[in-house]
**Q** 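Got a structure for you, written out below as structure tokens; questions coming shortly.
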Amino acid sequence: VQLVESGGGLVQAGGSLRLSCEASRSNADINYMGWYPQAPGKPREPVAIITSGGTTNYADSVEGRFTISRDNAKNTVYLQMNRLKPEDTAVYYCNAEVVVTTIESVSRFPTWGQGTQVTVSS
């Protein structure tokens with residue numbers, strides 16, 4: 001399963017962007033999906049996560065400004081980013097836990113997309 005992100009770009013502070021991340025196989029079994037921005041010289045950390053049941057969690061830095069949503073039928077996750085700030089500038093990576101079930105075992109594979117650049121100008 002591959003994850004393909006889209007929707008990044010350049011926006012002025014206060015503006016909005018919507019990121020999308022689609023799994024290459026719509027019938028893949030996926031648990032949580034999330035967005036992890038990484039700015040130069042900083043670690044990659046989650047800002048929004050959503051479970052297969054729709055439970056969401058946000059980092060304090062984006063609470064009230066970002067909204068994560070998910071279309072389970074398409075195995076696609078979205079991140080609506082409003083009131084963007086220059087400090088939101090980063091490469092945004094999509095992450096998903098792909099579950100592979102056989103008669104012998106259940107295996108879980110963290111999977112990353114290639115990233116999409118978000119740049120917020122002041």
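In what follows, residues are counted from 1 in the order of the sequence shown. Hydrogens, waters and symmetry mates play no part in the numbers below; they use all other heavy atoms, side chains included. Everything quoted here is computed from the prediction, not taken from an experiment.
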**Q** Taking only residues at least two apart or on different chains, which pairs with a member in residues 38-58 satisfy ring pair (Phe, Tyr, Trp, His ring centres under 6.0 Å)?
**A**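 For residues 38-58, and leaving out neighbouring residues, there are no ring pair (Phe, Tyr, Trp, His ring centres under 6.0 Å) pairs at all.
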**Q** What residue pairs, at least two apart or across chains, pass disulfide (SG to SG under 2.5 Å) with a residue in residues 37-71?
**A**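 Every pair satisfying disulfide (SG to SG under 2.5 Å) with a residue in residues 37-71: there are none.
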**Q** Considering all heavy atoms of both residues, which atom of I50 and which atom of R70 are nearest to each other, and what is their separation?
**A**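 Heavy atoms only, the tightest pair is O-NH1, 3.6 Å.
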**Q** So do the side chains of V47 and M81 get within less than 4.5 Å of each other, counting heavy atoms only?
**A**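 No, their side chains stay 4.5 Å or more apart.
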**Q** Can you name the closest pair of heavy atoms from T89 and A39 and give their distance?
**A**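 Here T89 and A39 meet closest at O-CB, 3.8 Å.
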**Q** For T102, check side-chain contact (heavy atoms from CB on, under 4.5 Å) against everything at least two apart and list the hits.
**A**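 side-chain contact (heavy atoms from CB on, under 4.5 Å) list for T102, sorted by chain: E104, S105.
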**Q** So which atom in G34 and which in I68 form the shortest heavy-atom distance, rounded to 0.1 Å?
**A**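 So the minimum-distance heavy-atom pair works out to CA-CD1, 4.2 Å.
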**Q** Among all residues two or more places apart in sequence or in another chain, which pass the side chain to side chain donor-acceptor pair (under 3.5 Å) test with Q117?
**A**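 Counting only residues at least two positions away or on another chain, Q117 forms a side chain to side chain donor-acceptor pair (under 3.5 Å) with T119.
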**Q** Do the side chain of E5 and the main chain of Q114 share a donor and acceptor less than 3.5 angstrom apart?
**A**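 Pair found, side chain donor or acceptor close to backbone of Q114.
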**Q** Any non-hydrogen side-chain atom of V77 less than 4.5 Å from a side-chain atom of I30?
**A**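 No, too far: nothing below the 4.5 Å cut-off.
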**Q** Enumerate the residue pairs fulfilling disulfide (SG to SG under 2.5 Å) with a member in residues 67-122, sequence neighbours excluded, ordered by first and then second residue.
**A**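 Qualifying pairs: C21-C94.
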**Q** With under 30° as parallel and over 60° as perpendicular, where do the rings of Y93 and W112 fit, or are they tilted in between?
**A**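 Y93 and W112: perpendicular rings.
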**Q** Is there any disulfide (SG to SG under 2.5 Å) pair reaching into residues 37-77, and which pairs are they, with sequence neighbours excluded?
**A**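 Listed by first then second residue: nothing to list.
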**Q** Quick check: are there more than 12 heavy atoms from other residues, nucleotides or ligands sitting under 6.0 Å from CD of E87?
**A**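 Check passes, neighbour count above 12.
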**Q** Which pair of heavy atoms, one from A13 and one from S122, lies closest together, and at what distance?
**A**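 Taking A13 first and S122 second, the nearest heavy atoms are CB-CA, 4.4 Å.
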**Q** Can you measure from CD (E22) to OG (S6) and round to the nearest 0.5 angstrom?
**A**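 Those atoms lie 8.5 Å apart.
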**Q** Mind checking side-chain contact (heavy atoms from CB on, under 4.5 Å) for R83 and listing every partner two or more places apart, or none if nothing turns up?
**A**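 Only R65 meet the side-chain contact (heavy atoms from CB on, under 4.5 Å) criterion with R83.
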**Q** Does V1 reach the side chain of F109, with side-chain heavy atoms less than 4.5 Å apart?
**A**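 Result no, sub-4.5 Å side-chain heavy-atom pair not found.
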**Q** Hey, what do you get for OG1 (T56) to CZ (F66), rounding to the nearest 0.5 Å?
**A**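 One finds 14.0 Å between OG1 of T56 and CZ of F66.
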**Q** Between V11 and L79, is there shared hydrophobic-cluster membership here, with clusters defined by ILVMFWY side-chain heavy atoms closer than 4.5 Å?
**A**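 Looking at the clustering, L79 is in the same group as V11.
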**Q** Determine which pairs satisfy side chain to side chain donor-acceptor pair (under 3.5 Å) with at least one residue from residues 32-54, sequence neighbours left out, and list them in order.
**A**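 Counting only pairs at least two positions apart or across chains, the side chain to side chain donor-acceptor pair (under 3.5 Å) contacts touching residues 32-54 are Y32-N95, Q38-R44.
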**Q** Among all residues two or more places apart in sequence or in another chain, which pass the side-chain contact (heavy atoms from CB on, under 4.5 Å) test with Q80?
**A**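 Partners of Q80 by the side-chain contact (heavy atoms from CB on, under 4.5 Å) criterion, ordered by chain and then number, come out as S16, R18, T67, N82.
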**Q** Taking side-chain contact (heavy atoms from CB on, under 4.5 Å) as the test, write out the residues that go with S69, two or more places apart.
**A**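 Expected list: Y78.
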**Q** Any idea which heavy atoms bring N75 and M33 closest together, and the distance?
**A**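 Nearest heavy atoms, N75 then M33: O-CE, 4.0 Å.
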**Q** Hydrophobic clusters join Ile, Leu, Val, Met, Phe, Trp and Tyr when side-chain heavy atoms are under 4.5 Å apart, directly or via other members; which others share one with V99?
**A**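 Cluster partners of V99: V106.
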